[in-house]
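Presented below is the structure to which this report refers.
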Amino acid sequence: MKNDMRFRASDQYWVREHNVGLLLNYLWDAEQPTTRPHLTKISGLNKSTVGSLLEEMKSWQVVIESGKSQSRTGRPGTLLSINADGGRILGLEIAVGFLTLVMTDLRARVLWRRQISTTEDNKRLAVASQSEVLGCAERLIAKAILETDATKHTMYGIGVVMPGLVDREQGTLLSSGSLGWGLTPIGALWKEHFGLPVVLANEAKASALAERMAGVAKGIDNFLYLSAGRGLGGGLVLDGKVYGGEESFAGEIGHVIIDPDGPQCSCGSRGCWEQLVGVEAVFRRLHQAVTDGRAPKLLALVGKNVDSMDMHQILEAAQSSDQGVLDILDDVGRVLGIGIVSLTNVLNPKMIVFGGELSLVAKYVLPRARKEVKERGLAATRSVDIQVSAFQFDASVMGAVALILREFLDDPVRWRGSALHLEVVQH
Ligand SMILES: [Zn+2]
């Protein structure tokens with residue numbers, strides 16, 4: 001209940017903090033520069049308050065003057081906007097088989113990006129140990145800080161996303177079936193190690209946040225983000241907020257049972273959705289198609305390395321009309337659509353956002369999924385708009401960036417206090 005503001009008295013300091021957040025959020029959402037009179041009008045605050053709050057934000061370098069407005073009546077006003085260069089954010093995705101790290105500015109524009117494999121000998125399934133993966137991530141973070149001159153900027157924190165159950169308050173991974181990791185206090189470890197705030201979250205929930213803040217679901221209050229990677233995760237945005245459920249474990253849509261007699265799942269059940277449309281299932285089916293001689297073009301691309309087949313090769317085979325590949329992707333779309341029908345009937349979202357590794361081949365999967373939804377959905381919910389993530393393969397790592405941005409925009413004064421100039425803390 002730490003963040004429960006319902007019973008907090010509205011003392012003048014809190015009101016000021018709240019109003020800083022109000023203006024900053026408006027500037028973030030607006031994307032276009034705006035003027036002081038306009039901010040005064042939309043916020044309902046008086047002119048001198050807006051002026052003083054803007055001065056404070058300018059002193060933090062998060063807001064800058066960016067030219068003059070063209071006004072037909074009266075004097076041209078000074079334009080104000082978020083200062084993209086006013087800070088830096090690190091986003092890290094820990095996935096099965098790879099790590100992705102980005103350094104962005106305050107407008108979430110990527111300044112630096114690296115993706116590295118964490119598999120052994122380039123085999124898809126042999127994954128490095130947990131300590132190797134975490135060590136690798138630490139070296140990558142240090143490299144990003146060095147190569148981008150981040151010490152010259154205010155660092156707003158490190159967002160970390162992974163598949164699995166996460167205790168966000170504690171910054172602790174509780175468990176991740178797909179990574180095979182148990183309880184790991186990553187937040188506390190790295191806060192100590194780097195001297196920066198660390199926010200940890202489930203990758204699908206974080207991706208939903210990124211889509212809402214800067215992606216295809218901007219301004220949409222009810223949508224479902226589907227993360228189709230090695231597992232199948234879900235991020236629910238309901239009434240404008242990422243929905244966590246009672247214990248913040250909501251969104252485990254990969255374990256919705258589609259076929260009770262289907263393949264065994266890591267959760268102990270059978271025929272879970274992710275066993276049918278997750279990337280592993282897709283690879284399994286394509287592997288079989290290659291072996292049976294049904295996918296000659298994919299075979300030509302992967303050669304003897306069927307075990308290290310990747311999604312780019314599958315996309316290439318589909319683009320060259322390899323019928324065996326197209327048939328399997330179409331069937332994946334069918335099962336994807338069947339699952340989506342149940343979810344849309346329950347939740348009535350405006351949009352489904354499809355992201356993660358499998359979204360690279362969305363063009364060959366989604367037409368069938370849309371057809372299933374049209375044919376099987378209830379009249380009231382079948383108009384749901386199914387879209388590909390704005391960030392596709394990078395949806396999760398952009399989610400990690402969004403975690404830090406959201407914390408900052410929700411409570412800028414407090415968060416600003418924990419953001420740091422690294423040169424102060426470097427040993
Ligand atoms: Zn399952």
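Just so you know, ligand 1 is whichever comes first in the structure, and atom 1 is the first atom listed for that ligand. This chain uses plain numbering: 1 for the first residue, then up along the sequence.
Between Phe98 and Phe393, the ring planes lie perpendicular to each other; the angle is over 60°, past the 30° to 60° tilted range.
Not one N or O on the side chain of Gln387 forms a donor-acceptor pair closer than 3.5 Å with the backbone of Val353.
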- From CA spacing to verdict: side chain to side chain donor-acceptor pair (under 3.5 Å), Gln130, Thr184: CA-CA 10 Å; Gln130 186 190 42; Thr184 318; 2.8 Å; yes

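For the side chain to side chain contact (heavy atoms under 4.5 Å, CB included) test, residues two or more places apart in sequence or in another chain that qualify with Ala281 are Arg284.
Less than 2.8 Å away from the Zn ion (ligand 1), the protein contributes these N/O/S atoms: His255 ND1, Cys265 SG, Cys267 SG, Cys272 SG.
Within 6.0 Å of NZ in Lys374 there are 12 or fewer heavy atoms belonging to other residues, nucleotides or ligands. Within 6.0 Å of NZ on Lys350 lie no more than 12 heavy atoms contributed by other residues, nucleotides or ligands.
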